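Scroll down for the structure; my scribbles are underneath it.
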Amino acid sequence: MKTILYTFLSIFLTFTTSCNSSRYRIIETEGHTIPMDSLQKETNDTDFIAAVDNYKAQVDSIANQVIGHSAIFMDIQRPQSLLSNYTSDLLCDKVSEYSKEKCDFAIMNIGGIRTSLSKGEITIGDIFNIFPFENSLCLIKLKGNDVKKIFESIASREGEGVSKEIQMTITSDNKIKNVTINGKNIDDNRIYTIATIDYLANGNDGMDAFKNATERKDIPVHLRDAMLDEVKKQEAASKPLNSKMDNRLIYEK
């Protein structure tokens, strides 16, 4: 039986006093996910049980909708995996589509993909579990010498999600042995167009070089929604999702 995940939002307030009047101000929000399954402690609070059951029914009616199929089980791991490969290729295609600019390649962080995709039916809940964050699509233009720094960071982390245009070998001491884009060496002075997500474009997960972008375009589409749309599109065409391993990232252990 699938575990249903519920997300709760904690709001932190500060208390301020001004002219003998009191008011609250939100200073921080934090979200977290709690699995609601048979392991949860039982409660005799009937009102609470009724509220949760009502909420669960509403969530289930949406989350359990089957929107597509996967031909294979897609795992998630470093240096590359079926699901990170699929996600990175999708990211490259979707950013190119929405921005109307051809992207040279895409980069997706492994940490942004939270679980694997099972073979068979794909539900809306599956996609939310895989992509629980509010990551949006982003186009970055970056000079070649900064692109090299991005790949150095990827090597230091033993791999991240990269699209099929990349061929990269990482040594056992987490250094770059070689890297090409569409079969060509990186030109230090060329401006490359890169598809990614806003989280990485902001310099997170060691991607500091993205802050040196010569141009940035934020696309108001969540990666999760792009994936949902793609699953539905492939299902309408009677095409199950598929992926494959290739030589885009090789880690020499």
Side-chain angles (χ1 to χ4, degrees), residues 5 7-11 26 28-33 59 62-63 65 67-68 74 76 81 83-117 122-142 146-147 149-151 153-154 157 159-166 191-234 241 243:
L5 301 180
T7 300
F8 291 85
L9 183 65
S10 300
I11 301 178
I26 297 175
E28 181 183 353
T29 62
E30 178 183 284
H32 61 282
T33 301
V59 171
I62 298 173
Q65 290 180 31
I67 57 172
M74 297 190 199
I76 174 65
S81 62
L83 188 52
S84 60
N85 285 357
Y86 185 90
T87 301
S88 301
D89 291 342
L90 174 71
L91 186 57
C92 192
D93 291 341
K94 290 300 183 182
V95 171
S96 295
E97 176 186 340
Y98 289 124
S99 69
K100 302 190 185 309
E101 290 194 52
K102 174 64 177 176
C103 293
D104 293 301
F105 62 95
I107 293 178
M108 175 66 195
N109 61 319
I110 295 293
I113 309 172
R114 303 307 289 181
T115 189
S116 57
L117 176 66
I122 302 173
T123 66
I124 291 177
D126 291 331
I127 303 304
F128 270 76
N129 285 336
I130 294 169
F131 304 113
F133 306 114
E134 302 299 303
N135 294 326
S136 296
L137 308 186
C138 190
L139 181 147
I140 291 288
K141 294 191 176 182
L142 201 63
D146 284 316
V147 170
K149 294 177 183 177
I150 293 293
F151 287 123
S153 177
I154 290 175
R157 299 168 69 85
E160 293 285 8
V162 298
S163 59
K164 60 182 179 294
E165 293 79 12
I166 303 302
I191 302 297
Y192 290 87
T193 302
I194 307 166
T196 189
I197 55 174
D198 56 350
Y199 176 79
L200 295 183
N202 291 336
N204 293 301
D205 278 7
M207 305 293 178
D208 292 5
F210 272 140
K211 296 178 182 179
N212 299 329
T214 60
E215 185 179 344
R216 170 174 172 168
K217 291 183 179 179
D218 289 293
I219 300 169
V221 176
H222 290 139
L223 172 60
R224 178 176 58 231
D225 292 335
M227 183 68 165
L228 284 166
D229 288 343
E230 184 64 17
V231 172
K232 293 175 182 178
K233 177 181 176 182
Q234 295 303 319
L241 269 60
S243 183

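Keep in mind that this is a model prediction, so the values were computed, not measured.
Counting heavy atoms from C-beta on, the side chains of Phe131 and Ile197 never come closer than 4.5 Å. Between Thr115 and Ile76, every side-chain heavy-atom pair lies at or beyond the 4.5 Å cut-off. Residues Tyr199 and Asp205 meet the side-chain proximity criterion, which asks for heavy atoms closer than 4.5 Å. Using a 4.5 Å heavy-atom threshold, the side chains of Asp218 and Ser136 count as separate. No side-chain heavy atom of Asn202 sits under 4.5 Å from any side-chain heavy atom of Phe210. Two residues are said to be in side-chain contact when any heavy atoms from C-beta on lie closer than 4.5 Å; Val221 and Lys94 fail this criterion. Put simply, the side chain of Ile166 does not reach to within 4.5 Å of the side chain of Ile107, judged on heavy atoms.
For Lys149 against Ala209, the heavy-atom pair with the smallest separation is CB-CB, 3.9 Å. Minimum heavy-atom separation, Gly68 to Val231: CA-CG1, 3.7 Å. The two residues Asp208 and Gly203 make their nearest non-hydrogen contact at OD1-O, 3.1 Å. For Arg157 against Gly206, the heavy-atom pair with the smallest separation is NH1-N, 4.4 Å. Residues Gly111 and Phe133 approach most closely at O-CE1, 3.8 Å, considering heavy atoms. Nearest heavy-atom pair, Arg114 versus Asn129, reported as atom, atom and distance to 0.1 Å: CB-O, 3.6 Å.
With Leu142 as reference, Ile150 is the one residue of Ile150, Thr196, Ile191 to meet the side-chain contact (heavy atoms from CB on, under 4.5 Å) rule. Each of Leu223, Asp225, Leu228 was checked for a side-chain contact (heavy atoms from CB on, under 4.5 Å) with Ile127, and the lone residue meeting it is Leu228.
Asp93 and Ser96 are not linked by any side-chain donor-acceptor pair at a separation below 3.5 angstrom, with hydrogens and angles left out of the test. Between the side chains of Ser99 and Glu101, no donor-acceptor pair is found at a separation under 3.5 Å.
Between the side chain of Ser88 and the backbone N or O of Val162 there is at least one donor-acceptor pair closer than 3.5 Å. Between the side chain of Asp104 and the main chain of Thr193, a donor-acceptor pair closer than 3.5 Å is present. Judged by distance alone, with hydrogens and angles left aside, the side-chain atoms of Glu160 form a donor-acceptor pair with the main-chain N or O of Ile110 at under 3.5 Å. A donor-acceptor pair under 3.5 Å is formed between the side chain of Thr214 and the backbone N or O of Lys141.
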Requested in this report: Mind running side chain to side chain contact (heavy atoms under 4.5 Å, CB included) on Asp126 and Met227 for me, showing each step along the way?
Outcome: CA-CA 11 Å; Asp126 291 331; Met227 183 68 165; over 6 Å; no
Query raised in the report: So Asp89 and Met108, side chain to side chain contact (heavy atoms under 4.5 Å, CB included) or not? Walk me through it.
Result: CA-CA 9 Å; Asp89 291 342; Met108 175 66 195; over 6 Å; no
Report task. List the steps, then state whether side chain to side chain contact (heavy atoms under 4.5 Å, CB included) holds for Ile130 with Arg224. Result -> CA-CA 8 Å; Ile130 294 169; Arg224 178 176 58 231; over 6 Å; no
Requested in this report: Report the C-alpha distance between Leu117 and Tyr86 in whole Å, list the side-chain angles of each, state the deciding distance to 0.1 Å, and finish with yes or no for side chain to side chain contact (heavy atoms under 4.5 Å, CB included).
Outcome: CA-CA 11 Å; Leu117 176 66; Tyr86 185 90; over 6 Å; no
Query raised in the report: Between Asp229 and Lys232, does a salt bridge (charged side-chain N to carboxylate O under 4.0 Å, His left out) hold up when you go through it step by step?
Result: CA-CA 5 Å; Asp229 288 343; Lys232 293 175 182 178; 5.1 Å; no
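Rounded to the nearest 0.5 angstrom, Asp146 CG and Tyr192 OH are separated by 12.0 Å. The line from NZ of Lys217 to CD1 of Ile140 is 11.5 Å long, rounded to the nearest 0.5 Å. Between atom OG1 of residue Thr87 and atom CG of residue Leu91 there is a gap of 8.5 Å, rounded to the nearest 0.5 Å.
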